[in-house]
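Each ligand, and each atom within it, is numbered from 1 in the order the structure gives. Starting from 1, each residue takes its place in the sequence as its number.
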Amino acid sequence: MSTRIFLAILASALPALGQQPLSADLTIRAGQPGPQVNRQIFGQFAEHLGAGIYGGIWVGEDSKIPNTRGYRNDVLQALRDLKVPVIRWPGGCFADEYNWREGVGPRAKRPVKINTHWGGVTEPNSFGTHEFLNFAELVGAEPYISGNVGSAPPRELAEWVEYVTSPAGSLANERAANGRKDPWKLPYIGLGNELWGCGGNMRAEYAADVTRRYSTFIKVPAGVKILKSASGPSDEDYNWMEVMMRDAGRHFDAIGLHYYTITGTWAKKGSATVFDEAEYAKTLQATLRMDGIITRHAAIMDKYDPQKRVWLAVDEWGTWFDTEPGTNPGFLYQQSTLRDALVAALNINIFTKHADRIKMANIAQMINVLQAMILTKDDKMILTPTYHVFEMFKSYQDATALPLDIKSPWYNQDASTMPAVSASAVRGKDGRLHIGLVNVDPNHAVAIKADLLGATVASVTGRVLTAPAINSHNTFEQLTVVKPAAFTGASIESGALKAVLPPKSVVVLDLQ
Ligand code: AHR
């Protein structure tokens, strides 16, 4: 592309006449491959919370909503298209009160319980172990069960694992009688959830001992692998990480980290859709804290596990705003805007940067709860801007991370300040170079120039996600206000990549 055409594209990306373009420089060391970006980083979390399961996934076989054996067809298809690698279930806080036995056997005979954590509504137990594991199989995702450590004895968790994975014995016979002869694969089991809070309000030292105890009794048949994931810290609780790694590190293979992006306070988190630029910037700054938090937790892990055997699993993350007015506050239903899309892409870039230690992440949550991929209402379904980001980054799954340096202009708004451009780069399983870029500045386009050391490329294609406003979102009436489009603002010149990132945009490029 000639300089004239490049400048023309740049000019067309500027939001207002006369506005100065900003510029950023990247160096991507494509000849120095780094760690694998596990596909599990694109994992999801589905809790018995609000319409996360009932209505969102499960409508039952007799529903008028088109379904396959009780699962919504539209949702199944959308999740398959997304290539969801892993789904964490049944909680969350729900997990440490859940009794798996109440969710197996004939549905009509299952006890109806109260969901004490989420809205005090009845829990019919119609979606239990079989329904979840069959659902994961239909989606093509690996199941990650978070077990009850807070309120059930170790035997209960041990028997749940046996029920799911054993080829023989009474529990296997019971499973067969309930409709599943062959064992399922259960690659991941969680040893409780938020043991420092809703999982039992434990001190770190006690939680470490409890983790050792429960881990001891999880047995799988010879030749079968199960990764045991400990309940890890929240945010900057570095003491929790220290104690767990020091006292129980040999008894687990992964440890969770929960970090939610919260703009205000827990009491007043702000609206998901009605916000000004100051709040927008505050949210993005809050999400960027993930980088430093991971760095410090990873440093503690390195001290006890220099070989990096133990996965850091960010098994709950995402935005948490005030619940949508008019909805049950216990259901955590919120809309997802372009701002959420930028949050998702920024975190994917952060996880890619830390791919040597972060081996799984599960966004909270998959459907109808918090930063959802999908929103449903009766038989209607919205794919959120966050869904589109996950879809755009599909080429990152099991790719190889590439080291990069970036010199970015700053984006400043009120008290918030951050680099305008965030970037990551991978060598995909398809052998191609993929680059993920975010321009958080809502007022300026940014022209980037990227030197591609160790790579010879001839062409570039890509997609962009942006929208008219920072709070643009898809509704049940207007499904495609925010959706990806072909990106024509990039070119290869003398072996380097040039691209003009529109304001407030996510761009994923594909080079060959
Ligand atoms: O995702 C909602 C809740 O947030 C989960 O149940 C809990 O683990 C966390 O505090």
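- Residue His117 does not touch ligand 1, judged by heavy-atom distances below 4.0 Å.
- The aromatic rings of His48 and Trp89 are tilted relative to each other, their planes meeting at an angle between 30° and 60°.
- When each atom of ligand 1 is checked for a heavy atom of Gln365 under 4.0 Å away, the hits are 1 (O), 2 (C).
- Centroid-to-centroid, the aromatic rings of Trp58 and Tyr71 come within less than 6.0 Å.
- Of all atoms in ligand 1, numbered sequentially from 1 with element shown, those under 4.0 Å from a heavy atom of Trp118 are 3 (C), 6 (O).
- Considering backbone and side-chain N/O of Trp320, none are found under 3.5 Å from N/O of ligand 1.
- The nearest protein atom to atom 6 (O) of ligand 1, hydrogens excluded, is given as Glu47 OE1, 2.7 Å; this is a heavy-atom distance.
- Of all the heavy atoms of Trp317, none lies under 4.0 Å from any atom of ligand 1, so neither backbone nor side chain is involved.
- Atom-to-atom distance recorded for Asp253:CG and Leu191:CG is 9.0 Å, nearest 0.5 angstrom.
- The shortest side-chain heavy-atom distance between Arg101 and Glu174 falls under the 4.5 Å cut-off.
- With a heavy-atom cut-off of 4.0 Å, Val369 does not touch ligand 1 at all.
- Taking any N or O of Leu49, backbone or side chain, none lies under 3.5 Å from an N or O belonging to ligand 1.
- With respect to atom 1 (O) of ligand 1, the closest heavy atom belonging to the protein is Tyr260 OH, 2.7 Å.
- For the pair Val314/Asn362, no side-chain contact is recorded, criterion being any heavy-atom separation below 4.5 Å from C-beta on.
- Aromatic ring orientation, Tyr238 versus His297: tilted (interplanar angle from 30° to 60°).
- Between Tyr396 and Phe393, the two ring planes are perpendicular [angle over 60°; tilted spans 30° to 60°].
- Taking the six-membered ring for Trp and the full ring otherwise, Phe132 and Trp100 have centroids separated by 6.0 Å or more.
- Contacts with ligand 1 closer than 4.0 Å are made by no heavy atom of Phe94, backbone or side chain.
- Set against the non-hydrogen atoms of Phe45, the atoms of ligand 1 under 4.0 Å away are 1 (O).
- For Arg339 and Phe275, the positive end sits near the middle of the six-membered ring, less than 6.0 Å away and at most 45° from its axis.
- Within the set Arg88, His258, Glu316, the minimum heavy-atom distance to atom 8 (O) of ligand 1 is found for Glu316.
- In summary, the atoms of ligand 1 found under 4.0 Å from a heavy atom of Asn193, numbered by their order in the structure, are 8 (O).
- Nearest protein heavy-atom contact of atom 10 (O) of ligand 1 is Glu194 OE1, 2.7 Å.
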